[in-house]
2 protein chains.
Amino acid sequence: MPVQNLEYPKQPFSTVRRYDSRASYSLEQIHQIINTSLLVNVSFTVPDTPFPQTLPMIGQMGSFDRPSADTGDVLELYLHGYVSSRIMNLSRKKDGDKKDGGKKDGDKKETGDEAPPVAAAAAAAAAAEHSQPEPVGLPITVAASHVDGLVLSLTPNSHSYNYRSATLFGYATPVTDVAEKLWAMELMTNSVVRDRWRNTRAPPNGAEMQSTSVLKVKIVAGSGKIRSGFPSDDKADAGDEALLDRVWTGVVPVHTTLGEPTPSPYNRVDPVPGYLVDYVKGTNKYAEETALEQMTKPMGPKAKTDSRDTVMD
Amino acid sequence: MPVQNLEYPKQPFSTVRRYDSRASYSLEQIHQIINTSLLVNVSFTVPDTPFPQTLPMIGQMGSFDRPSADTGDVLELYLHGYVSSRIMNLSRKKDGDKKDGGKKDGDKKETGDEAPPVAAAAAAAAAAEHSQPEPVGLPITVAASHVDGLVLSLTPNSHSYNYRSATLFGYATPVTDVAEKLWAMELMTNSVVRDRWRNTRAPPNGAEMQSTSVLKVKIVAGSGKIRSGFPSDDKADAGDEALLDRVWTGVVPVHTTLGEPTPSPYNRVDPVPGYLVDYVKGTNKYAEETALEQMTKPMGPKAKTDSRDTVMD
């Protein structure tokens with residue numbers, strides 16, 4: 001039975017400040033946004049540059065220990081990444097540092113080559129502040145957004161998008177357990193096309209298992225932000241007859257479309273298998289219906305000070 | 001006349017390490033990916049947390065000083081943001097710090113409330129390393145990705161996406177010049193729907209101008225990564241007759257679709273204006289054609305060590 005309505009605790013770094021009536025801390029809602037995104041944006045700090053790194057990756061929420069757990073009742077995100085990629089190296093080094101005697105990362109501020117000192121120091125500080133054991137892994141931020149509609153109002157300032165965006169904060173470590181890694185690879189492959197895993201040459205052989213890396217992210221906080229409904233204009237504009245006669249207002253729904261599956265030059269399977277045809281149809285139907293639903297769903301009440309939507313916030 | 005083939009210099013933080021045959025440093029190609037994205041992900045570090053902040057925003061490349069400049073010949077990104085939002089506050093404070101006597105941000109490491117010391121210190125270090133004047137503004141990373149296709153091969157490990165992703169690195173400051181701000185607001189509104197600005201009650205009034213904020217990002221580096229074409233499998237699998245007879249291989253094209261413009265409850269303009277009908281049609285045609293083009297466009301040569309695509313990297 002799904003656990004109802006679990007929410008992430010609001011942390012200083014995870015609290016939605018602007019239009020907080022649009023905020024959501026519901027695990028179910030946030031994880032749904034993540035799981036239906038083709039890509040998530042994974043950001044983390046690295047030494048010697050003020051710029052965070054951001055990488056597009058495939059990610060899915062799941063629980064290896066409780067595989068049948070409800071989407072709203074898991075705290076782990078699996079990401080597809082490479083052993084040799086920067087994020088994995090940083091994550092492994094950080095993980096190793098912790099195991100090698102548990103020195104405080106703050107002590108390592110000057111050894112930029114070995115660990116991300118900025119991130120590590122801040123992680124230690126954050127952990128200390130909350131009186132919890134120092135978390136293991138690379139601190140990462142994972143963001144995903146669906147645009148559901150272009151919201152066209154009378155004035156440029158009231159223009160907006162209908163959108164559902166989600167951000168998760170957690171600590172990433174590489175998955176080393178073979179059974180868990182296989183399980184996560186199947187989870188992620190089937191997120192690209194449902195049932196694809198068992199319709200390929202699976203499981204991967206030993207070399208493939210070694211060359212593929214999976215990150216597990218223990219989520220510590222998260223937030224979502226959702227805008228839905230038709231445009232809304234200020235009273236002065238909404239009462240301007242000449243303006244109403246001149247400017248079209250409404251919503252252009254936006255959704256992702258999967259096109260016709262197109263065989264590779266070496267494909268021999270014809271026609272396109274049913275599981276793939278069904279997946280394309282089902283995914284398109286869900287995407288289109290969601291955009292229309294978000295268009296007609298009224299927004300939550302706006303705060304008094306939030307008299308204007310601008311294009312995005 | 002457009003300037004041909006300008007490229008971003010490779011910086012340690014901007015160089016594509018994995019599948020570098022898929023990398024692009026072309027301003028034209030990178031800016032095209034940014035400008036055709038409904039949203040970009042803006043990431044930056046903040047004090048007192050190891051987690052970067054990531055916000056979805058609307059962004060467009062442009063040049064206020066040379067408005068007719070080619071997309072491949074500009075170094076400024078305009079972002080739509082709020083005065084009260086965290087990013088603007090950080091950016092303003094940082095900007096202010098620089099103007100208030102030019103103290104080194106490194107000296108402020110302990111005053112977390114006033115400025116993002118982590119970012120500032122790293123920015124100073126980066127600037128020093130390149131022997132340039134210390135850059136002004138908040139260091140941010142801007143990322144956008146288009147998924148063009150699901151690439152389905154014989155084995156899970158060779159699965160991939162066709163995609164075009166772009167990352168820009170730069171320093172953000174709020175736009176205070178009224179003429180530049182107006183110009184940027186028009187640029188961004190027209191990126192949502194071409195010609196929308198002059199078909200609304202524009203320009204914004206004084207209160208609207210004050211309540212809306214625009215960030216200008218001076219880009220210092222960038223990179224793109226592009227995967228196109230049909231799947232490719234290892235020789236052992238591609239020669240396995242039973243496997244070829246069992247597993248469908250090919251590409252499912254992916255693109256964004258704009259649906260039927262749907263009038264708001266207070267709309268009076270009927271039928272839907274031509275500029276909007278044309279925009280929806282044109283945008284859908286471009287998106288669909290791009291996905292198909294990317295499917296049939298062969299990939300660049302793969303390095304010997306890169307014998308496998310996994311789902312994403």
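When reading the values below, keep in mind they use all heavy atoms of this one structure, side chains included, and skip hydrogens, waters and symmetry mates. Order of the sequence lines fixes the chain letters, A, B, ..., with proteins taken first and strands second; residue numbering starts at 1 for each chain.
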Student: One pair to check against side chain to side chain contact (heavy atoms under 4.5 Å, CB included): A:M295 and A:F230. What are the steps and the verdict?
Tutor: CA-CA 6 Å; A:M295 180 171 74; A:F230 280 106; 3.8 Å; yes
Student: Counting heavy-atom pairs under 4.5 Å with chain B, which one of A:N41, A:V269, A:D245 comes out on top?
Tutor: A:V269
Student: So what's closer than 4.5 Å to chain A heavy atoms on B:T54: side chain, backbone, both or neither?
Tutor: both
Student: Using 0.5 Å steps for rounding, measure from the NE2 atom of A:H146 to the NE2 atom of A:H255.
Tutor: 13.5 Å
Student: Need one label for A:T167: side chain, backbone, both or neither, based on atoms under 4.5 Å from any heavy atom in chain B.
Tutor: side chain
Student: Select one option (side chain, backbone, both, neither) describing which atoms of A:V142 are under 4.5 Å from chain B's heavy atoms.
Tutor: neither
Student: Who among A:V280, A:V272, A:D240 has the most heavy-atom pairs with chain B under 4.5 Å?
Tutor: A:V272
Student: Under 3.5 Å, side chain of B:R246 to main-chain N/O of B:W248, donor-acceptor pair present?
Tutor: no
Student: Salt-bridged, A:R196 to A:E186, with N to O below 4.0 Å?
Tutor: no
Student: With a 4.5 angstrom heavy-atom cut-off, which part of A:L243 approaches chain B: side chain, backbone, both or neither?
Tutor: side chain
Student: Is B:Y279 reaching over with its side chain to a backbone N or O of B:G274, donor-acceptor style, under 3.5 angstrom?
Tutor: no
Student: Where on A:L292 is there a heavy atom nearer than 4.5 Å to chain B: the side chain, the backbone, both, or neither?
Tutor: neither
Student: If you count heavy-atom pairs within less than 4.5 Å of chain B, which of A:V220, A:V251, A:T200, A:V252 leads?
Tutor: A:T200
Student: Measuring heavy-atom distances to chain B, does A:V254 have an atom under 4.5 Å in its side chain, in its backbone, in both, or in neither?
Tutor: both
Student: Should B:R201 and B:E208 count as an ion pair when the cut-off is N to O under 4.0 Å?
Tutor: yes
Student: Under 6.0 Å between the ring centres of B:F51 and A:Y171?
Tutor: yes
Student: Considering only heavy atoms, which portion of A:S165 lies under 4.5 Å from any heavy atom of chain B: side chain, backbone, both, or neither?
Tutor: side chain
Student: As an exercise: rank B:P203, B:G250, B:P52 by heavy-atom pairs under 4.5 Å with chain A and give me the winner.
Tutor: B:P52
Student: Between A:L152, A:L276, A:T256, A:V193, which shows the greatest number of heavy-atom pairs under 4.5 Å with chain B?
Tutor: A:L152
Student: If you count heavy-atom pairs under 4.5 Å with chain A, which of B:L258, B:L150, B:L244 comes out on top?
Tutor: B:L244
Student: A side-chain contact here means heavy atoms from C-beta on lying under 4.5 Å apart; do A:T141 and A:V42 qualify?
Tutor: no
Student: What's the verdict on side chain to side chain contact (heavy atoms under 4.5 Å, CB included) for A:M185 and A:T212, showing C-alpha distance, side-chain angles and the deciding distance?
Tutor: CA-CA 9 Å; A:M185 285 164 78; A:T212 306; 4.1 Å; yes
Student: Given the options A:A221, A:S153, A:A238, which has more heavy-atom pairs under 4.5 Å with chain B than any of the others?
Tutor: A:S153
Student: So which of B:A143, B:P204, B:P263 has the biggest tally of heavy-atom pairs under 4.5 Å with chain A?
Tutor: B:P263
Student: Assess whether side chain to side chain contact (heavy atoms under 4.5 Å, CB included) is satisfied between A:F13 and B:Q53, documenting all intermediate values.
Tutor: CA-CA 8 Å; A:F13 53 84; B:Q53 292 290 305; 3.5 Å; yes
Student: At a 4.5 Å cut-off on heavy atoms, which part of A:N199 comes close to chain B: side chain, backbone, both, or neither?
Tutor: backbone
Student: Of the backbone (N, CA, C, O) and the side chain (C-beta and beyond), which part of A:D237 lies under 4.5 Å from a heavy atom of chain B, both, or neither?
Tutor: side chain
Student: Checking B:S37 side chain against B:V40 main chain: does a donor-acceptor pair fall under 3.5 Å?
Tutor: no
Student: Charged N to carboxylate O under 4.0 angstrom, B:D148 versus B:R164?
Tutor: yes
Student: Using a cut-off of under 4.5 Å for heavy-atom pairs, which of B:V147, B:T262, B:D270 has the most such pairs with chain A?
Tutor: B:T262
Student: Is it the backbone or the side chain of A:S145 that comes under 4.5 Å from a heavy atom of chain B, or both, or neither?
Tutor: side chain
Student: Sort out for me which of B:A291, B:A202, B:G149, B:P273 touches chain A most, counting heavy-atom pairs under 4.5 Å.
Tutor: B:P273
